Amino acid sequence: MKKFSLSRREALKRMGAVGVGAFLAAGGLPVYGNRSHGGQRVAVIGGGFGGATAAKYLKRLSPGLDVVLVEPQKRYYTCPFTNLYLGGMREFETLGHDYRELSRLGVRIVSQTAVDVDAEGRRLRLADGDSLSWDRLILSPGIDFRWGELEGYGREAADKAPHAWKPGPQSRLLRRQLLEMPDGGTFVLVAPDNPFRCPPGPYERVSMVAHYFKTHKPRSKVLLLDAKDNFSKQGLFLEGWKENYGDMIEWVGRSNDGRVVRVNADKLEVETEFGEIHRANVLNVVPPQKAGFIADRAGVTDESGWVPVQPRTFESKQVPGIYVIGDATQAAPMPKSGFVANTQAKVTARAILADLAGEEPPEPTWTNTCYSVIAPDWGITVAGVYEVHDGELREVPGSGGVSPMGAAADFRKREAAYAEAWYAAIAQDTWGSR
Amino acid sequence: MRKPRFSRFHFNLSIVVASAAWLFAAAAPAVAQRAPWERMEAAAKLLDVAAPKTDAIRLDLPAVTQDGSAVPLTVTIDHPMTADHYIESLHLFASGNPSPEVAEFSFSPLAGEARLSTRIRLDGTQNVIALARTNRGEWLAGAREVRVTVSGCLTQAGAFDGDDFMRTRVRAPNRLRRGEAAEIRTLINHPMETGLRKDADGQAVPERILTEFRARVAGQPVIHAKFHRAVAANPYLLFHVAPGQAGTLDLEWTEDTGKTATATAEIPAA
């Protein structure tokens with residue numbers, strides 16, 4: 001049982017927020033369901049696709065509600081399109097978004113790390129020791145890595161063999177290593193078993209690395225060592241690799257001894273389950289993952305390391321009043337994608353407003369689209385629509401699907417253009433910038 | 001973590017609920033929830049004792065899995081593997097598959113540990129059941145529910161690389177400490193066609209599976225497996241060889257056509 005007391009500063013802030021909320025509601029601005037939620041506070045931890053969208057839509061649907069977004073980065077860099085940066089198709093800065101639009105809408109931005117959650121006392125603690133109370137809490141904490149679960153791959157190993165699975169210095173390190181690699185070298189990517197953030201991510205990444213090699217270091221090789229036998233959009237990726245890169249990319253699935261069991265980051269070597277040693281010039285290890293650490297602190301994770309949620313609202317199954325969205329959740333068959341986090345955020349915002357108003361949550365549906373860029377003129381997609389059926393999440397039968405196999409070049413080219421448009425649209429929806 | 005809050009009301013209510021449950025159980029014992037192995041004919045038929053021991057088998061499986069085509073499973077039986085008291089057989093079932101039998105294993109005491117890992121096919125959310133019998137005729141039972149979803153970002157592969165058909169792999173430890181059992185990993189490339197799949201032209205692909213696997217050390221049997229079609233494509237099996245059993249490990253897989261494949265490995269002395 002964690003408890004901490006209300007600081008004076010916090011108490012003043014909160015009183016202020018109540019006053020402003022009541023003033024706005026009284027001022028005749030549109031409010032959700034003809035009710036004002038003035039004086040009630042929803043805190044959101046995490047300013048990515050899930051958290052930023054949740055904060056924005058809560059405020060738009062109920063301007064009188066006090067909405068606080070806790071996110072340590074002033075500028076947030078997206079995982080989607082990091083691979084395009086690695087392939088030389090984008091500048092890193094184009095992946096960055098700030099919180100000016102959210103501020104303008106009246107969301108209070110707290111640029112700090114949330115370090116603890118007291119579910120009983122409905123408070124959260126910040127890295128500077130300050131604390132914040134809430135009536136409802138949304139966690140959108142993303143992922144953390146299970147350091148050391150893959151032998152030899154701890155935090156220090158990532159300085160030599162980057163994961164680049166969270167955008168930032170790791171992405172820049174991997175890009176620099178690719179630029180410094182001699183022509184004729186080998187790039188090795190180690191892909192984890194399910195579940196992990198962005199199921200098509202490793203396959204888009206090797207595509208983008210191959211694109212860079214083809215244009216700058218054509219004698220180089222790409223080796224993808226995989227702990228799985230099946231992967232997202234598999235047929236489309238294999239087809240796209242062959243068409244664009246010939247035999248530059250080699251994928252080794254688990255049943256062909258692709259599962260890596262040991263990493264030697266100093267020697268840039270990996271060892272597979274049946275004892276084969278592969279040597280890399282650039283080694284990219286995507287390690288096993290779990291929900292972001294604040295989910296553990298809040299007591300919402302289970303033995304799997306992920307967060308079980310009520311299907312209709314995404315309220316934690318373990319801790320009432322805490323809602324969890326995005327990659328941290330067990331939401332299969334929905335994938336761990338930015339798009340899914342964005343739609344989960346909207347559904348959960350509505351569910352929370354209904355709950356605060358003492359109403360039933362609306363009947364939800366969610367959607368997903370994941371674009372993958374194999375080459376500048378070669379895009380592919382998967383899409384799906386999800387619902388609650390018999391108390392479980394499922395894909396709506398007959399909804400969605402993947403791009404066709406064997407499509408004409410202009411079809412692939414259009415999908416690559418749609419991918420760029422997809423990025424602009426979802427970034428605009430989430431942060432108000434593109 | 002929420003603080004438990006007991007009010008008098010809750011307390012009284014719980015007594016009422018408990019009494020109701022007791023009355024219900026006394027009045028209609030046949031309706032009470034039976035164990036998964038009692039509810040499945042194939043498993044119930046095996047059990048010739050009323051109550052198997054239920055605290056010795058542990059099934060490690062993901063509670064939720066996105067891909068039912070290859071679900072990792074580890075069975076650990078807390079039981080000695082000595083010459084006069086050991087686990088003689090292990091039967092695996094999947095209650096919701098078109099045919100519930102997954103695999104059967106016979107062990108000799110040379111297996112050292114009653115523990116193995118493999119990968120299985122699960123057609124939807126269901127119970128995985130393990131029944132084990134000792135050489136003295138005692139039965140042990142365990143079960144675990146697995147929720148199978150198909151991820152929105154996963155598509156069925158269906159692709160099998162014919163070049164590596166029945167290629168085998170084996171890995172034994174390079175060195176062993178005194179008293180340490182040798183962990184053996186094996187893998188063979190095989191599509192394990194279930195007979196339920198249709199090809200691109202809509203024609204049923206006939207069943208073609210590996211049916212048996214045997215491992216011997218220095219000519220003595222260690223483990224003998226019978227596979228059914230619920231063993232995942234490219235059968236993977238991890239098992240053990242008892243401490244002090246240095247020598248050549250001979251492995252043999254047999255297909256339903258009679259075709260066989262073999263592999264060997266050396267188990268070092270401790």
Side-chain angles (χ1 to χ4, degrees), chain A residues 1-2 118-120 193-195 198-201 228-236 238 253-257 272-276 298-299 302-304 306 308 318-321 330-337 340 366-370 382-386 392-395 399-402, chain B residues 1-5 60-72 117 119 121 124-125 146-161 163-174 183-192 200 232-236 238 263 265:
Chain A
M1 303 307 131
K2 292 160 295 196
D118 169 14
E120 183 75 11
D193 206 347
N194 293 317
C198 190
K228 302 177 292 304
D229 277 330
N230 301 328
F231 63 86
S232 176
K233 295 179 264 190
Q234 187 165 359
L236 289 163
L238 295 173
R254 181 175 186 146
S255 292
N256 286 310
D257 198 19
T272 62
E273 190 169 17
F274 288 90
E276 210 165 319
D302 71 9
E303 59 175 20
S304 72
W306 304 98
Q318 297 174 190
V319 185
Q330 290 169 12
M334 284 187 252
K336 297 187 187 303
S337 76
V340 155
W366 299 264
T367 52
N368 179 52
T369 49
C370 285
V382 59
V385 184
Y386 305 90
E392 304 272 14
L393 296 170
R394 72 161 182 183
E395 184 165 1
S399 73
V402 296
Chain B
M1 300 300 118
R2 285 170 69 81
K3 198 184 282 179
R5 277 178 295 209
D60 286 308
L61 284 146
V64 183
T65 179
Q66 294 174 30
D67 178 8
S69 73
V71 183
S117 300
R119 300 170 78 205
R121 289 173 167 146
T125 298
V146 183
R147 193 173 155 238
V148 179
T149 67
V150 177
S151 165
C153 270
L154 286 176
T155 52
Q156 282 301 321
F160 181 79
D161 185 356
D163 297 346
D164 279 335
F165 186 70
M166 287 183 85
R167 173 174 173 183
T168 62
R169 289 181 173 90
V170 56
R171 187 162 195 198
N174 297 327
E183 183 185 270
I184 311 295
R185 294 163 191 257
T186 69
L187 181 68
I188 179 168
N189 289 124
H190 194 285
M192 295 294 280
N234 306 307
Y236 170 84
L238 180 154

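Please read these numbers as outputs of a predicted model, since none were measured by experiment.
Across every non-hydrogen atom of B/R119 and A/S255, the tightest pair is NH1-OG, 4.1 Å. Minimum interatomic distance between A/N230 and B/S69 (heavy atoms only, all atoms of both residues): ND2-OG, 3.1 Å.
Only the backbone of B/T186 has a heavy atom closer than 4.5 Å to any heavy atom of chain A. Within the 4.5 angstrom heavy-atom criterion, no atom of B/R167 approaches chain A. For A/T272, the part sitting under 4.5 Å from any heavy atom of chain B is the backbone (N, CA, C, O) and nothing else. For chain B, the nearby parts of A/R254 are the backbone and the side chain; heavy atoms of each come within less than 4.5 Å.
We find the CZ-CG distance between B/R171 and A/D257 to be 8.5 Å, quoted to the nearest 0.5 Å. Taking CD of B/Q66 as the reference point, atom NZ of A/K228 lies at 10.0 Å (rounded to 0.5 Å).
Looking only at heavy-atom pairs under 4.5 Å with chain A, the residue among B/T125, B/V64, B/I188, B/V170 that has the most is B/V170.
Looking at A/N194 and B/T65, their side chains never come closer than 4.5 Å, going by heavy atoms from C-beta outward.
Between A/E273 and B/R169, no side-chain nitrogen of the basic residue sits less than 4.0 Å from a carboxylate oxygen of the acidic one, so the salt-bridge criterion is not met.
Proximity of a side-chain donor or acceptor of B/D164 to a complementary backbone N or O of A/N256 within less than 3.5 Å is not detected.
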